[in-house]
Amino acid sequence: MLEKLVIEGQHPLKGTVEISGSKNAVLPILAATLLTEGTSIIENVPRLRDTLTMIALLRSLGKDVDFTKNTVTVGGNKPLKHIAEYKLVSTMRGSFCVLGPLLAKLKKAKVSLPGGCVIGVRPVDLHLKGLKSLGVKFEVDGGYVIGDGPRMKGCQIYLGGVFGSSVLATANLMMAATLIKGETVIDSAACEPEIYDLGCFLSKMGAQITGHGTPRIIIQGVKELKGAHYRIGPDRVEAGTYILLAAATKSTLTLKNADCSQLVALKDKLEEHGVELQCELQTIVVKPKFIRRPTSITTYPYPGFPTDLQAQFMALMANTPGVSVITDKVFPDRFIHIAELNRMGAQIRREGSIAVVEGVRVLHGAPVMASDLRASAALVIAGLAAKGKTEIHRVYHLERGYEGMEHKLQKIGAKITRVKE
Ligand code: UD1
């Protein structure tokens with residue numbers, strides 16, 4: 001049954017939002033449990049459609065998985081299967097990161113190609129290039145990549161791509177390298193905090209790994225890995241989304257369980273715009289100031305401004321008088337939200353990988369269509385800031401990445417309800 005969100009805009013928001021565990025950290029960490037027969041316990045796992053998809057995929061590969069409250073336990077001693085099916089991989093690209101662990105563990109894997117999505121073509125050439133360097137032979141048949149690597153061994157790999165480093169290609173390669181002979185050096189590795197987290201989890205499993213979180217990761221293969229106990233850190237994209245939502249609605253909000261140190265690019269840009277972030281331990285207080293300046297951003301790999309906050313930042317700029325320029329260097333086609341924001345009275349035009357935003361004083365509520373996860377969050381922000389009623393259709397995209405969003409918003413005073421279509 002399709003559902004929509006109905007938002008009455010321009011209600012003042014106030015209070016505290018608890019940030020959930022990081023979706024993008026948990027997906028590769030769940031995939032890493034394939035590397036061992038031991039039992040792993042992962043805490044602070046957000047209950048999202050994407051985490052449920054990864055759990056379904058692990059079960060389909062032979063794992064026993066329990067998900068109680070926010071803790072996932074993965075174990076079981078059934079033999080591992082090597083085929084990751086289309087119906088689970090096609091709904092979520094993150095599923096493709098089972099390829100590395102399956103190859104490490106079974107020396108063979110057959111994983112559905114994830115295909116493109118509305119944010120762009122999203123190739124997997126870097127994943128395959130890296131794994132080929134380790135000695136895997138690939139063929140593509142019936143929409144699947146079939147990898148065979150009986151004699152995989154470590155080597156030095158340059159993993160930089162046209163759009164910079166790749167997060168999930170780095171994850172795939174790190175996991176593949178843990179259980180093979182010799183030393184693997186990954187140069188131009190992704191430096192995202194989620195890769196750092198994966199490295200910490202692999203270390204706890206007994207992997208010999210250094211440099212995770214930097215552009216050079218070094219892995220010394222070991223014979224076997226054991227289960228590990230790990231707590232997932234806060235979701236920086238969810239935190240960033242609530243920060244931008246506070247800025248757009250001119251509300252003072254407190255975020256609990258948030259890590260400001262992972263949001264330096266956003267903090268810097270918001271200071272330029274006119275929003276102060278007060279960071280203390282695991283708490284961020286967002287304080288919009290009276291003056292709001294149009295502010296330009298360009299997305300880059302971490303620690304640059306995250307592409308996963310580009311749409312939400314655009315919603316804020318759409319409602320900030322003056323001209324700002326938004327460039328996406330990571331996903332140059334990630335602009336499907338422009339048309340929907342324009343339906344709310346925004347004035348944004350796209351020129352290639354650049355969006356020129358002529359900010360308006362007031363946005364107006366309208367029926368709009370969610371197209372992907374972060375674009376949906378941008379529409380929620382715009383709807384909360386706009387005058388009148390906004391209806392967001394196809395809201396299921398939000399459930400892929402935001403745990404209990406409407407409940408969190410209702411708690412801080414937002415007029416938002418979920419209605420059956
Ligand atoms: C991850 C995140 C996603 C985020 C993205 C960029 C997860 C589950 N998803 O996706 O939320 O938006 O990082 O921060 O962690 N590329 C290639 N060849 C490849 C792989 C990637 O050209 O083989 C390109 C992509 O098309 C894109 C850029 O590299 O232009 C970065 O993509 P990548 O870091 O791989 O994104 P994901 O890991 O899929």
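We're numbering straight along the sequence, starting at 1. When a ligand or atom number is given, it counts from 1 through the structure's own listing order. These figures come from a predicted structure and were not determined experimentally.
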Give yes or no for whether the N/O distance cutoff of 3.5 Å, strictly under, is met between [X] and ligand 1.
X    : result
L126 : yes
G94  : no
V330 : yes
D125 : yes
K23  : no

Taking the six-membered ring for Trp and the full ring for Phe, Tyr or His, determine whether the centres of Y144 and Y86 are under 6.0 Å apart.
no
Subset of ligand 1 atoms that lie under 4.0 Å from at least one heavy atom of [X]:
X    : answer
R334 : 12 (O)
F331 : 5 (C), 6 (C), 12 (O), 25 (C), 26 (O), 27 (C), 30 (O), 32 (O), 36 (O)
H127 : 23 (O)
T307 : 6 (C), 12 (O), 14 (O)

According to salt bridge (Lys or Arg N to Asp or Glu O under 4.0 Å), who are the partners of K4, at least two apart in sequence or on a separate chain?
E391
Ligand 1 versus [X], non-hydrogen atoms closer than 4.0 Å: side chain, backbone, both, neither?
X    : result
V162 : neither
R93  : side chain
V167 : both
D308 : side chain

Which option, G304, G161, P123, S166, owns the non-hydrogen atom nearest atom 22 (O) of ligand 1?
P123
Whether the [X] and [Y] side chains hold a donor-acceptor pair (N or O, under 3.5 Å, no angle test) is what I'd like checked.
X    : Y    : answer
T241 : Q312 : yes
N70  : E403 : yes
D328 : Q310 : yes
Q282 : N257 : no
R374 : Y402 : yes
S20  : K408 : yes

With sequence neighbours left out, which residue pairs that include part of residues 150-207 fulfil the ring pair (Phe, Tyr, Trp, His ring centres under 6.0 Å) condition?
Y196-H212, F201-Y230
Work out whether the distance between some heavy atom of E194 and some atom of ligand 1 is less than 4.0 Å.
no
Nearest 0.5 Å, please: how far is CG in N172 from CD1 in I186?
10.0 Å
